[in-house]
Amino acid sequence: MPESLFKKRVIAVVRAIPYGRVASYGQVALLCGAPRASREVGWVLNRLEKEIEVPWWRVLNNKGEITIKGSTFSADFQRKLLQSENIVVSDDFLLSMHDYRWIPTGDEMKQFELPSDYLKTVNEKLRNY
DNA sequence: GTGATGACGTCTT
DNA sequence: CAAGACGCCATCA
C-alpha cells in the first residue's frame, strides 16, 4: 500500500456515506481494501485537520457507539452533528447501527475501484451487518 | 531499523 | 452482558 494512498481511500469512502446514514471504522477499512485496518481509519480521521469536506461524524465503532477521543472535537459535538441529520442518539452516545448503517450498492462501490475478486468478500461481510 | 501508539474488532472469560 | 486479551497495521519518534 503506497504512501498516503490509504488516507486518500479513507477520505473517498467516508465522503460517500450519505446524509443521515453511518458506517463503522471496520466497514470503512473494508471498503478501502484493507479489511483489518480499522484502527488506522480512526487514526486518519483523528488528524484530518482542514482537509476537504469529510463527514467524519458519520463513522463510529461497530456497536454504534461514539468513541471519539481527539482534542479538536468532542463526543458531544459529534452527537449534535448526527442528531442534526435526524439520527436518534441516546444519552450514552449510542445509536442503532441496524437502523442507520449505510450499505453501499454495487454501483456506489464502483468508484472505489476494488479488485473484482475482493468484492466477493466485501459483499459477504456487508451481508453480515 | 525498532518500538510505541491508537476516534477498532473479535474472541474469551 | 461486561471486561480483558490479542490481533491488527499505517505512522511517528
Side-chain angles (χ1 to χ4, degrees):
Chain A
M1 189 96 60
E3 180 97 10
S4 80
L5 173 61
F6 179 72
K7 180 178 173 183
K8 289 189 170 201
R9 287 196 167 161
V10 169
I11 290 172
V13 171
V14 175
R15 289 192 74 203
I17 305 174
Y19 175 97
R21 311 302 296 285
V22 300
S24 70
Y25 296 99
Q27 184 184 349
V28 172
L30 179 72
L31 295 173
C32 284
R36 281 153 296 175
S38 52
R39 302 190 68 169
E40 292 63 54
V41 172
W43 190 89
V44 169
L45 295 183
N46 185 29
R47 41 195 5 265
L48 269 181
E49 305 271 337
K50 298 163 184 163
E51 309 279 345
I52 44 177
E53 204 174 328
V54 182
W56 55 266
W57 57 90
R58 296 176 190 152
V59 185
L60 7 165
N61 74 13
N62 207 29
K63 292 181 298 196
E65 184 182 19
I66 294 176
T67 55
I68 188 171
K69 283 177 188 166
S71 52
T72 48
F73 299 110
S74 68
D76 212 56
F77 181 56
Q78 181 170 7
R79 178 170 54 185
K80 271 209 153 61
L81 289 168
L82 289 168
Q83 289 169 335
S84 75
E85 301 192 354
N86 286 337
I87 293 174
V88 177
V89 186
S90 68
D91 290 338
D92 46 345
F93 301 96
L94 212 58
L95 62 78
S96 165
M97 291 303 273
H98 178 75
D99 290 341
Y100 300 111
R101 190 196 291 274
W102 168 56
I103 302 295
T105 65
D107 222 36
E108 281 177 301
M109 266 188 284
K110 278 184 184 175
Q111 63 182 299
F112 304 142
E113 298 180 342
L114 298 167
S116 54
D117 55 340
Y118 178 71
L119 281 178
K120 290 183 68 175
T121 57
V122 170
N123 288 319
E124 198 172 325
K125 289 243 184 184
L126 288 177
R127 246 181 289 127
N128 291 327
Y129 282 145

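Predicted, not measured: the structure shown is a model, and the values here were computed from it. Lettering of chains follows the sequences in order, A, B, ..., and the numbering in each one begins at 1.
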Asks: Quickly work out the A:R101 CZ to B:dG9 P distance and round it to whole Å.
Replies: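 For the pair A:R101 CZ and B:dG9 P, the rounded distance is 9 Å.
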Asks: What integer distance in Å separates A:F6:CZ from B:dC8:P?
Replies: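 That distance rounds to 13 Å.
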Asks: Would you verify whether the NZ or CZ of A:R79 falls within 45 degrees of the ring axis of A:F93 while also being under 6.0 Å from that six-membered ring's centre?
Replies: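 A:R79 over A:F93 ring: yes.
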Asks: In whole angstroms, how far is the C1' atom of B:dG9 from the NZ atom of A:K125?
Replies: 9 Å
Asks: Whole angstroms only, please: what is the CG-P distance between A:L45 and C:dT11?
Replies: 13 Å
Asks: May I ask you to verify if any side-chain N or O of A:R39 is less than 4.0 angstrom from the OP1 or OP2 atom of C:dC9?
Replies: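 No, no such contact exists.
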Asks: What is the distance, to the nearest angstrom, from the OH atom on A:Y25 to the P atom on B:dT10?
Replies: 15 Å
Asks: So do A:Y25 and A:E40 actually touch side chain to side chain, heavy atoms under 4.5 Å?
Replies: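 In short, these two side chains do not touch, never coming nearer than 4.5 Å.
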Asks: Among C:dT11, C:dC8, B:dA7, which is the nearest nucleotide to the side chain of A:W43?
Replies: C:dT11
Asks: What contact category does A:N62 fall into here, base, sugar-phosphate, or nothing, at under 4.0 angstrom with non-hydrogen atoms?
Replies: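 The residue A:N62 makes sugar-phosphate contact but no base contact.
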Asks: Are the aromatic rings of A:W57 and A:F73 close, with centres under 6.0 Å apart?
Replies: no
Asks: State, with a plain yes or no, whether a side-chain heavy atom of A:Q27 is found less than 4.5 Å away from one of A:I17.
Replies: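 No, too far: nothing below the 4.5 Å cut-off.
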Asks: Could a donor-acceptor pair under 3.5 angstrom be found where the side chain of A:R47 meets the base of B:dG6?
Replies: no
Asks: Taking OP1 and OP2 of C:dC9, is either one under 4.0 Å from a side-chain nitrogen or oxygen of A:S38?
Replies: no
